[in-house]
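These notes concern the structure reproduced below.
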Amino acid sequence: MQGHPHQVERLRRLRQSSSIRSMLAETQVEPRHLIQPLFVTEDADPEPIASLPGISRLPLSQLAAKCAELQMLGIYGVALFPKINPRYKNASGTEAINPANLALRAIRTIKEKIPGTMVFADIALDPYTSHGHDGVLDTSGQDVANDETVELLVKMALLTAQAGADFVAPSDMMDGRVAAIRHQLDLAGHTRTGILAYSAKFASAYYGPFRDAIGSQRKPEDGPISKAGYQINPANRREAVREALQDAHEGADILMVKPAGAYLDILREIREASTLPLAAYQVSGEYAQIHAAAEKGWLDLVKTRNESLLSIRRAGADLILTYFAESFAKDWNKA
Ligand code: PBG
């Protein structure tokens with residue numbers, strides 16, 4: 001066929017070889033963009049988590065070695081989540097402000113042995129409450145009490161900063177918590193401790209495996225209150241932007257969207273609405289579903305993993321919390 005004189009746009013010209021494709025790639029994922037969530041256990045041995053293949057809760061004695069290994073791979077950040085012994089849980093989550101609790105011991109261990117690792121410490125009550133809510137209930141028992149919860153979170157954040165965490169990461173979605181935490185940290189001289197705010201955290205079905213991992217699954221006898229009373233409705237985009245702008249105004253250093261894959265439009269929207277660095281949490285259910293499909297032979301694990309991370313970066317995330325961090329970095333360093 002003769003070339004058409006007005007054939008102008010031949011986009012395939014720039015896709016002809018792997019060299020030109022690589023030279024023109026607009027988005028990169030590198031280990032430095034990733035933060036590895038780590039589950040910590042009181043027990044002496046690692047405990048595999050069935051719904052998170054390849055991920056185990058780690059004993060305190062193995063935490064520093066894991067962080068050292070991650071650093072060698074180019075992963076500089078970890079997000080810590082403790083699995084609290086049910087014996088220490090109660091309705092008001094008081095173990096959260098016990099200075100000798102598991103999470104605080106984990107932070108001290110890491111910062112003492114591997115000070116270069118950036119520790120992002122979760123601030124929320126769900127690992128500590130018997131009912132699994134991120135806050136304390138009000139006197140009616142019908143709702144999570146916002147301001148009483150914020151008071152506890154502020155104490156928790158202060159202990160966390162004292163233990164040496166580089167960032168506190170409030171994941172509770174109470175109103176006003178970022179401002180209250182920033183104020184208290186500054187009063188106590190912790191001006192260098194950052195806040196990574198779970199700004200747009202949706203009431204999502206994708207958190208299932210995480211709740212297995214830390215034992216915060218809510219049981220029918222825990223009552224009718226749902227996390228939808230504080231986490232954002234998945235239907236809402238404008239509300240997510242409002243939350244993000246509010247957290248920025250209250251003093252957050254980094255904003256976050258969670259989950260990531262089903263909320264790429266929210267990432268893009270917040271990317272454009274704020275100049276703050278933006279993180280995304282590729283949550284447990286996103287990781288689990290890719291693994292499950294790969295186990296069935298229906299998806300290629302590595303390619304799907306890489307595409308999911310690339311898409312989150314393309315949507316606008318600077319940083320990604322992902323259970324794939326270590327496996328991605330191992331492959332990246334080999335390539
Ligand atoms: C709660 C919290 C949750 C996750 C991180 N922090 C779950 C919840 O709201 O129940 C989920 C992370 C994941 O699914 O990987 N503070």
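Just so you know, ligand 1 is whichever comes first in the structure, and atom 1 is the first atom listed for that ligand.
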Counting from 1, what ligand 1 atoms have a heavy atom of [X] closer than 4.0 Å?
| X | result |
| --- | --- |
| Arg211 | 8 (C), 9 (O), 10 (O) |
| Ser171 | 1 (C), 6 (N), 16 (N) |
| Asp126 | 1 (C), 2 (C), 16 (N) |
| Lys258 | 2 (C), 3 (C), 4 (C), 5 (C), 6 (N), 11 (C), 12 (C) |

Between [X] and ligand 1, which residue portion shows a heavy-atom distance shorter than 4.0 Å: side chain, backbone, both, or neither?
| X | value |
| --- | --- |
| Tyr323 | side chain |
| Asp122 | side chain |
| Ala124 | side chain |

For this session: Hey, can you tell me if Phe324 and His291 have their rings parallel, tilted or perpendicular (30° and 60° cut-offs)?
Result: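 Parallel, since the angle between the ring planes stays under 30°.
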For this session: Evaluate the ring planes of Phe120 and Phe167, with Trp represented by its six-membered ring, and classify them as parallel (under 30°), tilted (30 to 60°) or perpendicular (over 60°).
Result: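 Rings of Phe120 and Phe167: parallel, under 30°.
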Exercise. Under the 6.0 Å and 45° cation-pi test, does Lys258 pair with Tyr207?
Worked result: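 Flagged: Lys258 positioned over aromatic ring of Tyr207.
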Exercise. With Asn146, which of Met173, Met174, Arg177, Glu151 fulfils side-chain contact (heavy atoms from CB on, under 4.5 Å)?
Worked result: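 Passing option: Met174.
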Exercise. Got a sec: does the OH of Tyr206 have more than 12 other heavy atoms crowding it under 6.0 Å?
Worked result: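 Not buried by this count: 12 neighbours or fewer within 6.0 Å.
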Exercise. More than 12 non-hydrogen atoms from neighbouring residues, nucleotides or ligands closer than 6.0 Å to CD on Glu307, yes or no?
Worked result: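 No, not enclosed.
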Identify, for [atom], the protein heavy atom at the shortest distance, and state residue, atom and that distance.
| atom | answer |
| --- | --- |
| atom 14 (O) of ligand 1 | Ser284 OG, 2.7 Å |
| atom 12 (C) of ligand 1 | Phe210 CD1, 3.3 Å |
| atom 2 (C) of ligand 1 | Lys201 NZ, 3.1 Å |

Exercise. Among the heavy atoms of Gln231, does any lie under 4.0 Å from an atom of ligand 1?
Worked result: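 Yes; Gln231 lies near enough to ligand 1 that a heavy-atom distance drops under 4.0 Å.
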Problem set entry | From CA spacing to verdict: side chain to side chain contact (heavy atoms under 4.5 Å, CB included), Tyr287, Leu52 | CA-CA 7 Å; Tyr287 175 90; Leu52 288 173; 3.7 Å; yes
Problem set entry | Asp318 with Arg271: basic N within carboxylate O range, under 4.0 Å |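 Yes.
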Exercise. Are any of the N or O atoms of Ser216 closer than 3.5 Å to those of ligand 1?
Worked result: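 Such a contact does not occur with ligand 1.
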